[in-house]
Amino acid sequence: MLSCGICCSSNPDTGERGMAIDVKRFLAQKLLETVGEDAGDPYGLIERPPKEEFGDYAIPCFGFAKKFKKDPKLIASDLASQITPGGLLAKAESLGPYLNLYIDRKVFTKEAILALRRTGFEEIRADGEGKTVVIDYSSPNIAKPFGIGHLRSTVIGGSLKRIFSFCGFKTVGINHIGDWGTQFGKLISAYRRWGDERALEHDPIRYLYDLYVRFHAEAEKTPQFEQEGREWFNRLEKGDEEARELWRRFRSLSIEEFKRIYERLDVSFDYYTGESFYEDLLDETVKAVKASGITQMSEGALVVPLPDMPPALIRKQDGSTLYLTRDIAAVLYRKKEYDFDVALYVVGSPQALHFKQLFTVLARMGKGWAERCHHVPFGQIRFADEAMSTRKGNIVFLEEVLDRAASLARGIIEEKNPGVRNKVETAEAIGVGAVIFNDLKNSRIKDIAFDWDEMLNFNGETGVYLQYTHARIKSLLLKLEKRYKIPGIEAVSDISFGEEGYEVARLLNEFEAQVRRARSEFEPSVIARYLLEVAKAFNGFYNAHRVITGDRDESLSRGLVADCCRKVLSQGLELLCIRAIEEM
RNA sequence: GUGCCCAUAGCUCAGUGGACAGAGCAUUGGAUUGCGGAUCCAAGGGUCGGAGGUUCAAAUCCUCUUGGGCACGCCA
């Protein structure tokens, strides 16, 4: 095996360890040996050229030109002639002001594939060792339906939890459900007036939603309903037995239903501590904020004046508290209980100001860890014709979307591959996977236009494409193992994997770096797009080279490439909460 | 009114100061008498919203501007 001194080593720039080959580090080292340390570490300058004919890596020499007062073209050509090929570096050429570096693709491909073959991704776990991240996501409101709008927070948060776990962090997933507030007074009031026990049992979420819609419709005509709703919430707060009982019932039935949806999405939580959980902590929270000496009275309310933004309201005129107060109580509780290093709030971008206020209040209270609390905002799902309105009742239920996706997948299975075992589970994995992937593939912050065709699309850059590629690799490997009567793919010879093989290996070698980027940017789409590239590269490879041939070594070495793709695809899909199926 | 976000191909979107801005969808044309055609290959398609500026170099950074979205003390 080639000993280049860079495989499976630590990266001195980041201190992060990994199985990947750090080509840039190797090339930077090579360059340092050639030019000396005067020019500084060129690591950050090394880039991948936009075209194949410019080599595998390149360094623009404009920066050196300034430093050495020399024509960058001359510097590039001098460097090209001075640098001695060896190890991973096959040759260096200059083209204009660029130094183009060509690596030994055959060696790189083999080393990268072997490194990936060996690893169980253990090294990346060191990143978060001993660290805890608390993630607040999904957080639906019980009195409102679980609509398509809740999908984003749920899958982005669910994916981030897996990404952090994969990187060795202890993760605490919290579903901060909206289980308190005046809307419960309305629900109780509506249920007492029109309630139907059996309808509630049958489909709690939808039934509660119908009640909610009906309440608002009737309250338009009969304003006293509103008053009645407020009174019932009042009774609930005071611990009225009847109100309490109904509230408990609405709550537990709803959570049961939510859990069923979370199971379909393969998303889970460690705690379902909603707003009601913090009710008892509010008094001491207000006291704590006051005690820090940052509050003022304003128009009868208790506020914290903030620089460059509206003041934060801690307590209303009437003495009751607000959303912000509950969030302060919650974060103090979480800090105390889990002692987190990082806290994430996966909540829509419209609440950006709220979180800015929350974190600023914490900082002003002297909580240094406030800077390690992050709002992870995302764009809203928009409807082309009309804005979604909970009250009016034009909402798309998430379950309906998942059901339609699964049944569409089922139809395609019947048409294309009716022999598949576990058709129901397979269709579910494909349909739900398509919906999740469609949500995770783009940058969080962009608004998404709701579009049935887009959401149920199974062609092109979709989760289905990744699952299909994975399933095909799996079936290919089974065939290969049978053909050569081996228990798994192990051997590798010295034969070339071809240009397509290099492209595959180059991408696979980036896996850890891509996961780290997704983690540091709180951006699952980084992984989603990366996996598309991997699948595309594999399909190119697969199309250009027969894997199972009469030559055993050739078959096995190509099979190894396929197996590494399978490994990255299945691990990557897991990070996106999408099932990597073996047959479809 | 103030603040934040977005604007790149017909559509949906990548693009972390570097060479001629890239994908998918859609359109058109190809590929398999052997590993799964839910695949692969190719073609056409661009004033990177506009104007200044910084820089050797700007889709990328700064200022202004246009269009769209969101938020702005007693909801969450």
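All values below were derived from every heavy atom in this structure, side-chain atoms included, with hydrogens, water molecules and symmetry-related copies excluded. Sequence lines set the chain letters: A, B, ... in the order given, protein chains first and strands last, and positions in each chain run from 1.
- Checked by atom type and distance alone, the side chain of A:Asp447 pairs as donor or acceptor with a backbone atom of A:Gln380 at under 3.5 Å.
- Dashed line: the shortest gap from a side-chain N or O of A:Asn539 to OP1 or OP2 of B:rC40 is under 4.0 Å.
- Under a 4.0 Å N-O distance rule, the pair A:Arg230/A:Glu237 does not qualify as a salt bridge.
- Here A:Arg326 reaches the OP1 or OP2 of B:rA76: one of its side-chain N or O atoms lies under 4.0 Å away.
- Nucleic acid contact for A:Ala65: none, since no nucleic acid atom lies under 4.0 Å from a heavy atom of the residue.
- Using a 3.5 Å distance cut-off with no hydrogens or angles, the side chains of A:Thr549 and A:Ser555 do pair a donor with an acceptor.
- Contacts of A:Gln183 with the nucleic acid, taken as non-hydrogen atoms under 4.0 Å apart, are absent.
- A salt bridge links A:Arg25 to A:Asp41: at least one charged side-chain nitrogen sits closer than 4.0 Å to a carboxylate oxygen.
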Seminar exercise, completed: Reading nucleotides 28-34 of chain B from 5' to 3' and marking B where a protein heavy atom lies under 4.0 Å of the base, S where only the sugar-phosphate is that close, and - otherwise, the string is ------S

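- Between the side chain of A:His375 and the backbone N or O of A:Lys356, no donor-acceptor pair lies under 3.5 Å.
- RNA chain B is contacted by A:Lys416, A:Asn417 of residues 415-423 of chain A, taking any non-hydrogen atom closer than 4.0 Å.
- Salt bridge annotation for A:Glu583-A:Arg421: present, with a cationic side-chain nitrogen under 4.0 angstrom from a carboxylate oxygen.
- Stacking is not found between A:Tyr323 and the pyrimidine-like six-membered ring of the B:rC75 base under the 5.5 Å centre-distance and 30° plane-angle cut-offs.
- Within 4.0 Å (heavy atoms only), A:Ala301 reaches at least one base atom of the nucleic acid.
- Checked by atom type and distance alone, the side chain of A:Ser159 never pairs as donor or acceptor with a backbone atom of A:Ile156 at under 3.5 Å.
- Phosphate contact (OP1/OP2 of B:rG18, side-chain N/O of A:Arg48, threshold under 4.0 Å): absent.
- In this structure, A:Thr154 contributes its side chain and A:Ser138 its backbone to no donor-acceptor pair below 3.5 Å.
- Few gaps surround NZ on A:Lys423; more than 12 heavy atoms of other groups in view lie less than 6.0 Å from it.
- Within residues 459-484 of chain A, the residues having any heavy atom under 4.0 Å from RNA chain B are, by residue number, A:Asn459, A:Gly460, A:Glu461, A:Val464, A:Tyr465, A:Tyr468, A:Ala471, A:Arg472, A:Ser475, A:Leu476, A:Lys479.
- Positionally, the nearest nucleotide of RNA chain B for A:Pro50 lies more toward the 5' end than for the other of A:Pro50 and A:Thr182.
- Salt bridge A:Arg334/A:Asp136: present, at least one basic N to carboxylate O contact under 4.0 Å.
- Remark: the backbone N or O of A:Thr325 is not paired with any side-chain donor or acceptor of A:Arg315 at under 3.5 angstrom.
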Seminar exercise, completed: Its contact letters, B for base, S for sugar-phosphate only and - for none at protein heavy atoms under 4.0 Å, make nucleotides 5-10 of chain B read SSS---

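- Listed nucleotides: B:rU12, B:rG18, B:rC74. Nearest to the side chain of A:Glu299: B:rC74.
- For A:Arg529 and A:Glu533, the salt-bridge test fails: no basic side-chain N is under 4.0 Å from an acidic carboxylate O.
- Where RNA chain B pairs in unbroken runs of 3 or more (Watson-Crick or G-U, both distances under 3.5 Å), the stems are B:1-7 with B:66-72, B:10-13 with B:22-25, B:27-31 with B:39-43, B:49-53 with B:61-65.
- The phosphate of B:rG24 has neither OP1 nor OP2 within less than 4.0 Å of any side-chain N or O from A:Lys441.
- Where A:Lys51 and A:Asn457 each meet RNA chain B at their nearest nucleotide, the meeting point lying more 5' is that of A:Lys51.
- Side-chain contact annotation: A:Asp327 with A:His354, donor-acceptor N/O pair under 3.5 Å present.
- Within 4.0 Å of A:Gln357, counting heavy atoms only, lies no atom of the nucleic acid at all.
- Under the 4.0 Å criterion applied to side-chain N and carboxylate O atoms, A:Glu279 and A:Arg326 are assigned as salt-bridge partners.
- For B:rU16, the OP1/OP2 oxygens have no side-chain nitrogen or oxygen of A:Arg529 closer than 4.0 Å.
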Identify the pairs formed between an N or O of the protein and an N or O of nucleotides 55-60 of chain B at a distance under 3.5 Å, and give each distance.
{"unit_1": "B:rC56", "atom_1": "OP1", "unit_2": "A:Lys66", "atom_2": "NZ", "d": "3.1"}

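- Taking the six-membered ring for Trp and the full ring otherwise, the centers of A:Tyr98 and A:Phe54 sit at least 6.0 Å from each other.
- The nucleotide whose nearest atom lies closest to any side-chain atom of A:Lys536 is, among B:rA23, B:rC74, B:rA14, B:rA23.
- Residue A:Pro350 is in sugar-phosphate contact alone, with no base atom involved, counting any heavy-atom pair closer than 4.0 Å across all strands shown.
- Relative ring orientation between A:Trp247 and A:Phe184 is described as perpendicular, the plane-to-plane angle rising above 60° on a 0-90° scale split at 30° and 60°.
- No side-chain donor-acceptor contact under 3.5 Å links A:Glu275 to the backbone of A:Gly181.
- By the neighbour-count criterion of 12 heavy atoms within 6.0 Å, atom CD of A:Glu53 is densely surrounded, having more than that number from other residues, nucleotides or ligands.
- Note on A:Asp453: nothing from the nucleic acid sits closer than 4.0 angstrom, heavy atoms only.
- Of the possible polar contacts, one joining the A:Tyr530 side chain to the A:Leu507 backbone as a donor-acceptor pair under 3.5 Å is found.
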